[in-house]
Amino acid sequence: MDKAVLPPGDSAALEIVFTIGEFQGHLTKRPAIYTAADSTRPAAFVQITTNAIAADNSEMTLLITPQKFELPSYDTRDSLSLLITNRGDHRAWLDLVDFPSSLLEIQFPGSIPAHDSAAAMIHFRPEADSVSFSKSITIELGDSFHTRYTIPIKHIH
Amino acid sequence: MRLSLSGEINRCRGRLLLIALISVVFIVSCGDTPVSPINRQPVGPKLSIPDSTFNFGNTPTVSTVSHTFWLYSTGDDTLRITRINPG
């Protein structure tokens with residue numbers, strides 16, 4: 001959290017970092033937030049859900065390559081390329097749902113024709129050069145399930 | 001006959017005035033009671049999280065993902081967050 005004391009009308013950012021192990025399948029975590037008003041009962045909860053999948057999962061409409069980025073300190077690239085393949089029979093409409101805008105700038109295809117691919121470009125902002133971070137980019141497919149995909153980016157300074 | 005008619009009209013006017021007066025009293029009593037800052041009950045510190053859930057969807061195994069939630073202090077006293085239990 002960026003701050004723990006909030007005067008009336010103020011706000012704070014709470015970053016939840018979730019490490020997924022070898023487990024495959026649906027996972028839900030519900031961190032509880034306690035305040036000084038009551039130390040015994042949570043004042044509120046936040047909830048994150050995910051579906052951990054193996055790299056070779058062929059059931060997904062989108063194939064994203066690479067599935068994740070792990071950039072060691074000697075990797076000095078200032079941009080990354082992400083190839084998104086639409087394996088479905090219909091045009092895939094994509095929406096960028098969540099990404100760390102203070103560290104990254106993303107050029108993203110709005111849609112991909114059926115059985116076609118498109119590249120997304122991830123550019124590091126100058127602020128990202130001097131810090132280590134574990135962030136992620138979440139995209140949403142415009143299907144009836146609003147299927148989401150998250151691409152982790154780990155950068156070691 | 002003319003006097004009698006005039007008296008009837010006056011009585012009707014009186015009744016109408018009475019009904020109008022009762023109506024005004026009724027409307028005023030049914031309206032929202034104005035709340036002055038003095039009458040308002042203190043809320044104390046209050047935490048609000050409008051978007052409290054996030055779905056990452058499909059994520060690769062053996063990886064780390066993150067999401068930032070926004071917490072708002074919507075009470076009338078300072079909110080102090082003491083701990084986060086991972087859950």
Side-chain angles (χ1 to χ4, degrees), chain A residues 1 3-24 29-37 39 42-55 57 60 62 67-68 70 98 100 133-136 138-140 146-152 154, chain B residues 18-87:
Chain A
M1 269 191 75
K3 54 189 163 183
V5 179
L6 284 79
D10 202 359
S11 59
L14 170 65
E15 184 183 19
I16 301 292
V17 179
F18 184 41
T19 300
I20 302 155
E22 302 276 357
F23 175 82
Q24 289 181 35
K29 288 285 175 186
R30 207 162 170 247
I33 302 159
Y34 291 82
T35 66
S39 62
F45 293 90
V46 291
Q47 181 173 297
I48 52 167
T49 54
T50 181
N51 181 33
I53 56 168
N57 192 315
M60 300 296 145
L62 298 184
Q67 266 201 321
K68 58 185 173 186
E70 289 185 354
D98 190 37
F133 59 82
S134 273
K135 302 287 183 184
S136 52
T138 300
I139 60 174
E140 187 175 285
H146 301 285
T147 307
R148 288 185 174 186
Y149 298 81
T150 293
I151 303 105
K154 188 174 185 177
Chain B
L18 186 64
I19 289 166
L21 190 65
I22 290 167
S23 300
V24 167
V25 169
F26 181 74
I27 288 164
V28 167
S29 65
C30 288
D32 291 334
T33 309
V35 179
S36 71
I38 297 162
N39 292 340
R40 194 179 294 148
Q41 292 294 316
V43 178
K46 192 180 174 193
L47 170 63
S48 298
I49 312 172
D51 296 313
S52 62
T53 63
F54 187 77
N55 175 20
F56 288 103
N58 301 302
T59 53
T61 53
V62 194
S63 63
T64 300
V65 294
S66 80
H67 177 71
T68 298
F69 293 94
W70 282 95
L71 281 50
Y72 295 89
S73 171
T74 55
D76 54 15
D77 199 359
T78 298
L79 177 71
R80 291 170 203 281
I81 294 164
T82 49
R83 69 187 161 106
I84 313 287
N85 207 345

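The analysis underlying the following values was restricted to heavy atoms, covering all of them including side chains, and did not include hydrogens, waters or symmetry mates. Keep in mind the model is a prediction, meaning the values are calculated, not measured.
Only the backbone of B/Pro86 comes within less than 4.5 Å of a heavy atom of chain A; no side-chain atom from C-beta onward does. In this structure, the portion of A/Phe23 lying under 4.5 Å from any heavy atom of chain B is its backbone and not its side chain.
Atom CG in A/Leu6 sits 8.5 Å away from atom OG1 in B/Thr78 (nearest 0.5 Å). How far NE2 of B/His67 is from CG of A/Asp98: 5.0 Å, rounded to the nearest 0.5 Å. Rounding to the nearest 0.5 angstrom, the gap separating the CD1 atom in B/Ile84 from the CD1 atom in A/Ile16 is 6.5 Å. One distance of note links CZ of B/Arg83 with OG of A/Ser39; it measures 7.0 Å at 0.5 Å rounding. Rounded to the nearest 0.5 Å, atoms NZ (A/Lys29) and CZ (B/Phe56) are 13.0 Å apart. Summarising the geometry, atom OG belonging to B/Ser66 is positioned 12.5 Å from atom NZ belonging to A/Lys154; distances are rounded to the nearest 0.5 Å.
Contact between B/Thr64 and A/Ser134 at its shortest, heavy atoms only, is CG2-CB, 3.9 Å. Shortest non-hydrogen contact noted between A/Lys68 and B/Thr61 is NZ-O, 3.3 Å. Scanning all heavy atoms of the two residues, the minimum distance from B/Ser73 to A/Pro7 falls at OG-O, 3.2 Å.
Here the side chain of B/Thr53 pairs no donor or acceptor atom with the backbone of A/Gln47 at under 3.5 angstrom. Although no hydrogens or angles enter the test, the distance criterion places no donor-acceptor pair under 3.5 Å between the side chain of B/Thr68 and the main chain of A/Glu15.
Among A/Ala36, A/Ala32, A/Ala37, the residue making the largest number of heavy-atom pairs under 4.5 Å with chain B is A/Ala32. Counting heavy-atom pairs closer than 4.5 Å to chain B, the top-ranked of the candidates A/Gly9, A/Ala54, A/Pro100, A/Ala12 is A/Ala12. For the set A/Ala43, A/Ala52, A/Ala13, the entry with the most heavy-atom pairs within less than 4.5 Å of chain B is A/Ala13. Per-residue heavy-atom pair counts under 4.5 Å with chain B were compared for A/Glu140, A/Glu70, A/Gln24, A/Met60, and the maximum is reached by A/Met60. With chain A as partner, the option from B/Thr74, B/Ile49, B/Asp76, B/Thr59 having the largest number of non-hydrogen pairs under 4.5 angstrom is B/Thr59. For the set A/Thr19, A/Leu62, A/Leu14, A/Val5, the entry with the most heavy-atom pairs within less than 4.5 Å of chain B is A/Leu14.
Screening A/Ile151, A/Thr150, A/Thr147, A/Thr50 against B/Asn58 for a side-chain contact (heavy atoms from CB on, under 4.5 Å) leaves a single residue, A/Thr147.
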Quiz item: side-chain hydrogen bond (donor to acceptor under 3.5 Å, both in side chains) between A/Thr49 and B/Asn55: does it pass, once the steps are laid out?
Solution: CA-CA 5 Å; A/Thr49 54; B/Asn55 175 20; 3.2 Å; yes

